[in-house]
Engineer: 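My questions all concern the structure below.
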Amino acid sequence: MELNKYRHVVVLTGAGISAESGIKTFRDQDGLWENHKIEDVATPQGFLRNKTLVNQFYDQRRRQLLSPEVKPNLAHVALAEFEANFKGKFTLITQNVDNLHQRAGSKNIIPMHGELLKVRCLRTDKIFEWHGDVTSSTPCPCCQKAGGLRPHIVWFGEMPLFMDEIEESLRDCDLFLAIGTSGQVYPAAMFVQTARHQAQAHTIEFNLEKSANHSDFHQQIFGPAATTVPLFFTRT
Ligand code: APR
């Protein structure tokens, strides 16, 4: 496929693109949601019930992300290299809260489900870079209130971030790629339909297997993302 014929390439990534970097996906075997109840650690109600448990869950994931073993893989790098050389517009929408796209060098990233290395003040909604743990005695940098911070993560029942920008990109794109996402979580699972039907974009899914919304795509490329994604961008 000749990629230079496209004007605006939009890529949606999910947990599968970071699997080969050592970060667990959510719904695969041994995924995060097999060991934890979603309603306990990924809902506003769960946070209100037990802030310590929720903070510890994200502390653990933050520490893992910052450990030397976790680094961008060849799929992250291929996307960043493509963006750097592409003449048209490139938009990377990610559901991932890790910073592996940023570390690989991607620039136009929309982190729709928040960022693990950020926290937010519960009173003012101010956002802070955060690399350490959060406990009930951690003072908030803006209001100084102990326990006044929450992870900057979009939980179930909350509205994803940057929806206006996302909608605008989807309606404008002519190539839409979804990489390593199960197509089970909305609104992200609907993006392919907007790109395909509103923008008449060509749509391709990269996954190990058929996703829940696989029939919405024109084309599927099966295999581990760190192999298929670089191949796609070098061969095309
Ligand atoms: N290469 C390509 N795809 C892979 C790989 C890999 N190496 N490993 C796993 N996958 C695929 C799986 O087959 C699965 O379809 O990645 C997908 C991961 O799906 P999920 O675990 O459901 O992750 P995701 O789609 O990102 O979840 C969406 O749900 O839990 C919430 O907010 C959380 O952002 C997350 C959202």
Side-chain angles (χ1 to χ4, degrees), residues 11-47 54 57-58 60-62 64-65 70-79 92-101 104 109-118 120 150-163 166 176-193 203-217 219-233:
V11 178
L12 170 69
T13 60
I17 198 168
S18 296
E20 291 159 87
S21 292
I23 297 181
K24 280 185 178 183
T25 62
F26 295 96
R27 294 174 183 76
D28 290 307
Q29 223 184 356
D30 195 33
L32 268 179
W33 297 153
E34 209 159 83
N35 307 318
H36 298 275
K37 278 196 182 153
I38 290 181
E39 53 273 30
D40 286 345
V41 295
T43 62
Q45 296 79 5
F47 185 63
V54 176
F57 175 75
Y58 290 100
Q60 207 183 344
R61 299 184 61 205
R62 202 177 295 116
Q64 186 205 17
L65 179 59
V70 172
K71 33 185 188 307
N73 65 52
L74 293 174
H76 298 102
V77 172
L79 289 175
L92 175 53
I93 305 167
T94 188
Q95 298 168 88
N96 298 342
V97 297
D98 63 48
N99 63 349
L100 297 182
H101 286 305
I109 308 171
I110 304 182
M112 64 176 289
H113 287 170
E115 293 173 77
L116 192 53
L117 298 185
K118 291 185 177 166
R120 195 158 85 225
R150 62 161 278 176
H152 184 49
I153 300 282
V154 175
W155 286 322
F156 286 90
E158 296 183 317
M159 181 60 92
L161 308 170
F162 311 111
M163 282 309 293
I166 290 174
F176 175 83
L177 311 176
I179 305 172
T181 177
S182 59
Q184 293 192 50
V185 174
Y186 289 83
M190 289 274 295
F191 292 173
V192 57
Q193 294 198 26
T203 57
I204 312 177
E205 144 170 286
F206 295 73
N207 204 310
L208 290 178
E209 57 192 24
K210 283 182 178 174
S211 66
N213 61 343
H214 68 96
S215 57
D216 293 334
F217 291 84
Q219 193 183 340
Q220 256 103 25
I221 296 179
F222 294 118
T227 306
T228 57
V229 174
L231 259 180
F232 176 80
F233 284 108

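These numbers come from the heavy atoms of this one structure, side chains and all, not from hydrogens, waters or symmetry mates. Counting convention: from 1, in listed order, for ligands and their atoms alike.
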Engineer: Which one holds for Val185 and ligand 1: side chain close, backbone close, both close, or neither close, with close meaning a heavy atom under 4.0 Å?
Structural biologist: side chain
Engineer: Between ligand 1 and Glu20, can you find any atom pair, the residue atom being a heavy atom, that is separated by under 4.0 Å?
Structural biologist: yes
Engineer: Is any side-chain heavy atom of Phe191 closer than 4.5 Å to a side-chain heavy atom of Met112?
Structural biologist: yes
Engineer: How far is atom 9 (C) of ligand 1 from its nearest protein heavy atom, and which residue and atom is that?
Structural biologist: Asp28 OD2, 3.3 Å
Engineer: Of the choices Asn207, Ile153, Ile179, which has the non-hydrogen atom that lies closest to atom 12 (C) of ligand 1?
Structural biologist: Asn207
Engineer: Have a look at Gly180, Ala226, Ser21, Pro224 and point out the one with the heavy atom closest to atom 18 (C) of ligand 1.
Structural biologist: Gly180
Engineer: Can a donor-acceptor pair be found, under 3.5 Å and without considering hydrogens, that links the side chain of Glu115 to the backbone of Val97?
Structural biologist: no
Engineer: With no hydrogens and no angle check, is any side-chain donor or acceptor of Thr43 less than 3.5 Å from a backbone partner on Gly46?
Structural biologist: yes
Engineer: Should the heavy atoms of other residues, nucleotides or ligands under 6.0 Å from CD of Gln184 be counted, would the total exceed 12?
Structural biologist: yes
Engineer: Check whether any side-chain heavy atom of Ile204 sits under 4.5 Å from a side-chain heavy atom of Ile221, and report yes or no.
Structural biologist: yes
Engineer: Return the closest protein heavy atom for atom 22 (O) of ligand 1 as residue, atom name and distance.
Structural biologist: Ser182 OG, 2.5 Å
Engineer: Do Leu177 and Leu12 come close enough that some side-chain heavy atom pair is under 4.5 Å?
Structural biologist: no
Engineer: Report, in ascending order of atom number, the atoms of ligand 1 lying under 4.0 Å from any heavy atom of Ala19.
Structural biologist: 8 (N)
Engineer: To check your reading of the model: name the closest protein heavy atom to atom 27 (O) of ligand 1, its residue, and the distance in Å.
Structural biologist: Arg27 NH1, 3.2 Å
Engineer: So do Phe206 and Phe222 actually touch side chain to side chain, heavy atoms under 4.5 Å?
Structural biologist: no
Engineer: Look at atom 32 (O) of ligand 1 and say which protein heavy atom is nearest, naming residue and atom and giving the distance to 0.1 Å.
Structural biologist: His113 ND1, 3.3 Å
Engineer: For atom CE of Met163, decide whether the heavy atoms of other residues, nucleotides or ligands shown that lie under 6.0 angstrom number more than 12.
Structural biologist: yes
Engineer: If you count the atoms of ligand 1 from 1 in the order shown, which ones are under 4.0 Å from a heavy atom of Gly14?
Structural biologist: 26 (O)
Engineer: Starting from atom 30 (O) of ligand 1, which protein heavy atom do you reach first, and at what distance in Å?
Structural biologist: Trp33 NE1, 2.8 Å
Engineer: One residue to check: Gln95. Relative to ligand 1, which of side chain, backbone, both or neither has a non-hydrogen atom less than 4.0 Å away?
Structural biologist: both
Engineer: Just to confirm my output: which protein heavy-atom neighbour is closest to atom 8 (N) of ligand 1, and how far is it?
Structural biologist: Leu208 CD1, 3.4 Å
Engineer: Students should be able to answer this: which protein heavy-atom is nearest to atom 35 (C) of ligand 1, and at what distance?
Structural biologist: Phe26 CE1, 3.4 Å
Engineer: Under 4.0 Å from any heavy atom of Ala225, which atoms of ligand 1 are there?
Structural biologist: 1 (N), 2 (C), 6 (C), 7 (N)
Engineer: For Asp216 versus Thr203, what's the shortest heavy-atom pair and its separation?
Structural biologist: O-OG1, 3.9 Å
Engineer: Could you report the tightest heavy-atom contact between Ala19 and Thr25, atom names first, then the distance?
Structural biologist: CB-CG2, 4.1 Å
Engineer: Quick one: look up the protein heavy atom nearest atom 6 (C) of ligand 1 and list residue, atom name and how far away it is.
Structural biologist: Gly16 O, 3.4 Å
Engineer: Please state whether the rings of Tyr58 and Trp155 are parallel, tilted or perpendicular, taking 30° and 60° as the class boundaries.
Structural biologist: tilted
Engineer: Which ligand 1 atoms does Ala15 reach within 4.0 Å, using its non-hydrogen atoms?
Structural biologist: 23 (O), 24 (P), 26 (O)
Engineer: With a 4.0 Å cut-off on heavy atoms, does Phe156 reach ligand 1?
Structural biologist: yes
